[in-house]
Amino acid sequence: MKPRIAVHKFSSCDGCQLAFLNLGSDLLTLFEQVDVVHFAEAGPVDEDAPVLVSFVEGSISTAEDVERIHRIRACSRYLVTIGACATAGGLQALRNAAANGEQWLASVYATPAWIDSLPQVNPVRAHVAVDFELWGCPVTAAQVVATLRAYLAGVIPLDETDKVCLECKRQQAVCVLVTEGRPCLGPVTRTGCGALCPRAGRDCYGCFGPAENAQYATLQRRMTGLGLLPEQVAHRFRSFNAADPVLNRVGAELESGND
């Protein structure tokens with residue numbers, strides 16, 4: 001019997017599931033190696049089937065989500081979060097900073113009583129044990145394939161913690177922070193994207209999450225020198241990964257004036 005895998009979706013935009021679908025013809029090769037028993041966007045639906053690996057996209061934002069993620073955990077030997085939403089709350093976790101959650105809902109929805117949301121949006125790891133986390137918004141096909149191959153081979157997947165700056169060096173990309181004065185988050189963001197934005201002349205927005213040994217205070221001083229206000233720097237740090245404890249703490253310190 002082939003190893004079985006599942007791909008699950010919670011509160012998200014579906015972008016990380018596309019990392020599988022974007023494989024194109026290589027997806028057929030993947031399907032020859034494993035039995036995909038649940039992947040609603042691609043066809044098969046069997047959410048409670050026991051599997052070797054469950055890939056989970058999206059944050060936990062409702063009581064139903066909490067119940068579902070516990071069921072999925074119980075059916076999975078390995079559970080892998082894919083993307084900023086599942087790994088660090090995603091953009092929807094920005095609502096966690098709202099002083100009045102009910103007022104926030106009323107400002108968005110005409111009938112807020114119909115919205116059954118939790119007081120806080122959380123990453124998957126806040127509710128169940130997670131075996132491996134893939135950061136990114138969205139993740140790439142190379143990431144999910146490498147992770148799956150590692151589990152099929154019986155080894156632990158490689159956790160990429162290098163900074164985007166190192167990837168820029170590998171790709172021979174000119175530093176936009178130094179040469180153009182752009183508020184780039186490359187020095188504190190883990191790579192995995194291939195330095196996509198800097199290679200296109202854009203500053204990194206930090207969607208791949210915090211890098212190892214990130215020097216936030218140093219970068220904050222540099223961004224302040226570029227003219228950004230503390231709250232603007234805080235927003236850049238927290239936007240894609242708003243529920244990450246490290247980025248959330250750094251953002252809160254900036255907003256309170258304790259840099």
Is it the case that the side chain of [X] and the backbone of [Y] share a donor-acceptor pair, with hydrogens and angles ignored and the cut-off at 3.5 Å?
X    : Y    : value
T62  : D65  : yes
Q232 : L229 : yes
D131 : L79  : yes
T29  : L27  : no
E160 : G192 : no
R190 : P210 : yes
R77  : V53  : no
N241 : D244 : no
Q143 : T140 : yes
R199 : G194 : yes

Please determine whether a side-chain nitrogen of the Lys or Arg among [X] and [Y] lies less than 4.0 Å from a carboxylate oxygen of the Asp or Glu.
X    : Y    : result
K9   : E41  : no
R236 : D203 : yes
R4   : D46  : no
D162 : R170 : yes
E212 : K163 : no
R68  : E64  : no

| query | Do you know which of S117, S11, S12 makes side-chain hydrogen bond (donor to acceptor under 3.5 Å, both in side chains) with S61? | reply | S11
In the structure I gave you, are the side-chain heavy atoms of [X] and [Y] within less than 4.5 Å of one another anywhere?
X    : Y    : answer
L219 : Q215 : no
D35  : P3   : no
L30  : L148 : yes

Atom of [X], atom of [Y] and distance for their closest heavy-atom approach:
X    : Y    : result
P157 : A150 : CA-CB, 3.7 Å
G89  : V121 : O-CG1, 3.9 Å
S76  : I72  : OG-O, 2.6 Å
A49  : V37  : CB-CG2, 3.9 Å
G186 : C165 : C-SG, 3.5 Å
K2   : V34  : NZ-O, 3.7 Å

| S59-Q92 side chain donor-acceptor pair, cut-off 3.5 Å | yes
| said: Would you say T224 and Q220 are linked by a side-chain donor-acceptor pair, where the criterion is simply a distance under 3.5 Å? | reply: yes
Flag yes if [X] and [Y] sit in one hydrophobic cluster, no otherwise; membership is Ile, Leu, Val, Met, Phe, Trp, Tyr, and two members link when side-chain heavy atoms are under 4.5 Å apart.
X    : Y    : value
I5   : V139 : yes
F132 : L158 : no
F39  : Y151 : yes
L196 : L166 : no
V128 : V80  : no

| task | Look at the rings of Y216 and F237 and say which category their plane angle falls in: under 30° parallel, 30 to 60° tilted, over 60° perpendicular. | result | perpendicular
| request: Return the orientation label for the H8 and H38 ring planes: parallel under 30°, perpendicular over 60°, tilted otherwise. | output: parallel
| task | With side chain to side chain contact (heavy atoms under 4.5 Å, CB included) as the test, would you mind laying out the steps for F208 and F240 before giving the verdict? | result | CA-CA 8 Å; F208 267 67; F240 283 92; over 6 Å; no
| said: Walk me through whether L134 and V144 qualify under side chain to side chain contact (heavy atoms under 4.5 Å, CB included). | reply: CA-CA 8 Å; L134 288 178; V144 295; 3.9 Å; yes
[atom1] of [X] to [atom2] of [Y]: how many Å apart, nearest 0.5 Å?
X    : Y    : atom1 : atom2 : result
C204 : R182 : SG    : CZ    : 13.0 Å
S239 : L247 : OG    : CG    : 9.0 Å
R202 : C184 : CZ    : SG    : 11.0 Å
T147 : I82  : OG1   : CD1   : 9.5 Å
L228 : H235 : CG    : NE2   : 11.0 Å
Y78  : S54  : OH    : OG    : 13.0 Å

| said: Counting the benzene-type ring for Trp, do F20 and F55 have ring centres under 6.0 Å apart? | reply: yes
| query | side chain to side chain contact (heavy atoms under 4.5 Å, CB included) between V66 and H127: does it pass, once the steps are laid out? | reply | CA-CA 7 Å; V66 175; H127 297 277; 3.7 Å; yes
| task | Could you give me the CA-CA distance, side-chain angles and deciding distance for T191 and T161, then say whether side chain to side chain contact (heavy atoms under 4.5 Å, CB included) is met? | result | CA-CA 7 Å; T191 190; T161 60; over 6 Å; no
